[in-house]
Amino acid sequence: MEQRTLGKTGRDVSVVGLGTWQLGADWGNVDPEQARAVLAASAEAGVTFFDTADVYGDGRSEQAIGAFLADNPGLDITVATKMGRRLEQQPENYNLANFREWVDRSRRNLRTDSLDLVQLHCPPTAVYSNAEVYDALDTLVSEGAIKNYGVSVERTDEALEAIRHEGTASVQIILNAFRLKPLDEVLPAAKAAGVGIIARVPLASGLLSGKYTKGTSFADDDHRNFNRSGDSFDVGETFSGVDYALGLKAVAEFEQLVPEGASTAQAAIAWIVAQEGVTSVIPGARNVEQARSNAAAAGVALGEEFDDGVRWIYDHYFREAIHPRW
């Protein structure tokens, strides 16, 4: 699989990575053996980038990755984790003492002395412009607890602020066929600054898999059930913030663009990979088949007509509601 340099980390990672929120929580129950099988299938398919967080399943996702890599020491996998959501989302909680505590916990979970990449996990907006926060992160780098740091953001203005800071190695942001605003300024700014872009929620929480209908139901502990109105966290993380019924109509249009031999999900991932400035796309997978199919999207070729179609769908269905908000 094609490898791209992940911003200021200097590390090469696969253009299709693996998001492991599904292996921790909020997507229904995941069996530990199934989680391990997903990690193995992804690695076998050429994935060299795993993204996780300390709160996914209260550390279960990190622990699964740590155990898998310990049993497969020959694999060259870059692991990005996140921190900052173990306490109430208040700016004053983003300080060196808490960072040390969270990083030490993640190091234990991941069974490593130094974390490849730690990302602030969608903190309050004020955190991105706080120089003391970046000083604390620089301290962790100098002490060797982490190798690099970046941010995970909800909004484009937060991304642009983080990119201004010299130590920011990468920005993780929602980017998919239903969320195009990062293309306007964030990707060009990141490229100019040498900052990597990690595209998350590439399938709009599964909408862009083309497998859902009006009658599809989700488990009680699945965020696609309990967070549709943003009751638990930013609603943009669930179906990219789009209305579910409207999303289904847009997916029907999107499916008409998909080239022969590719699945709807593969086309959605491949389109993001093709955007200038994107380093890696991190779809999640709950089983081996999904993991393999997602990785194979790296080899799907799309033309200009496909890109034109994506932009028409966005303008027609979502721009008015989505573009000003995130």
Distance alone, cut at 3.5 Å: any donor-acceptor contact between the side chains of S240 and N176? yes
Distance-only polar pair, side chains of Y56 and Q22, donor-acceptor under 3.5 Å: no
Show your working on ring-ring contact (aromatic ring centres under 6.0 Å, His included) between Y94 and Y134 and close with a plain yes or no. CA-CA 10 Å; Y94 293 80; Y134 295 92; over 10 Å; no
Run through L187, V278, V171 and flag the one making a side chain to side chain contact (heavy atoms under 4.5 Å, CB included) with P182. L187
Between [X] and [Y], is there a side-chain N and carboxylate O pair less than 4.0 Å apart?
{"X": "R86", "Y": "E101", "answer": "no"}
{"X": "R200", "Y": "D51", "answer": "no"}
{"X": "R36", "Y": "E33", "answer": "no"}
{"X": "D71", "Y": "R111", "answer": "no"}
{"X": "D184", "Y": "K181", "answer": "no"}
{"X": "E62", "Y": "R108", "answer": "no"}

Show your working on side chain to side chain donor-acceptor pair (under 3.5 Å) between T238 and S205 and close with a plain yes or no. CA-CA 6 Å; T238 301; S205 304; 5.3 Å; no
F233 vs W21, test: ring-ring contact (aromatic ring centres under 6.0 Å, His included). Steps then yes/no. CA-CA 14 Å; F233 41 81; W21 185 10; 5.8 Å; yes
Do [X] and [Y] make a side-chain contact, defined as non-hydrogen atoms from C-beta onward lying under 4.5 Å apart?
{"X": "T20", "Y": "L39", "result": "yes"}
{"X": "L115", "Y": "S106", "result": "yes"}
{"X": "P283", "Y": "V16", "result": "yes"}

Atom CD of E185: over 12 foreign heavy atoms under 6.0 Å: no
Check against ring-ring contact (aromatic ring centres under 6.0 Å, His included), F99 and Y149: CA-CA 12 Å; F99 288 175; Y149 62 82; 9.3 Å; no
ring-ring contact (aromatic ring centres under 6.0 Å, His included) between H323 and F318, worked out: CA-CA 8 Å; H323 219 71; F318 304 124; over 10 Å; no
Verify the ring-centre separation between W326 and F178: is it less than 6.0 angstrom? no
Here's one to test your reading of the geometry: is the NZ or CZ of R228 within 45 degrees of the ring axis of F239 and under 6.0 Å from its centre? no
With side-chain contact (heavy atoms from CB on, under 4.5 Å) as the criterion, how do K214 and L248 come out once you've worked through the C-alpha distance, each side chain's angles and the decisive distance to 0.1 Å? CA-CA 8 Å; K214 290 182 179 179; L248 292 177; 3.8 Å; yes
Would you kindly confirm whether V201 and Y212 end up in one hydrophobic cluster when ILVMFWY residues are joined by side chain heavy atoms under 4.5 Å apart? no
Would you say Y317 ends up clustered with V235 if hydrophobic residues are merged whenever their side chains have heavy atoms under 4.5 Å apart, either directly or through other cluster members? yes
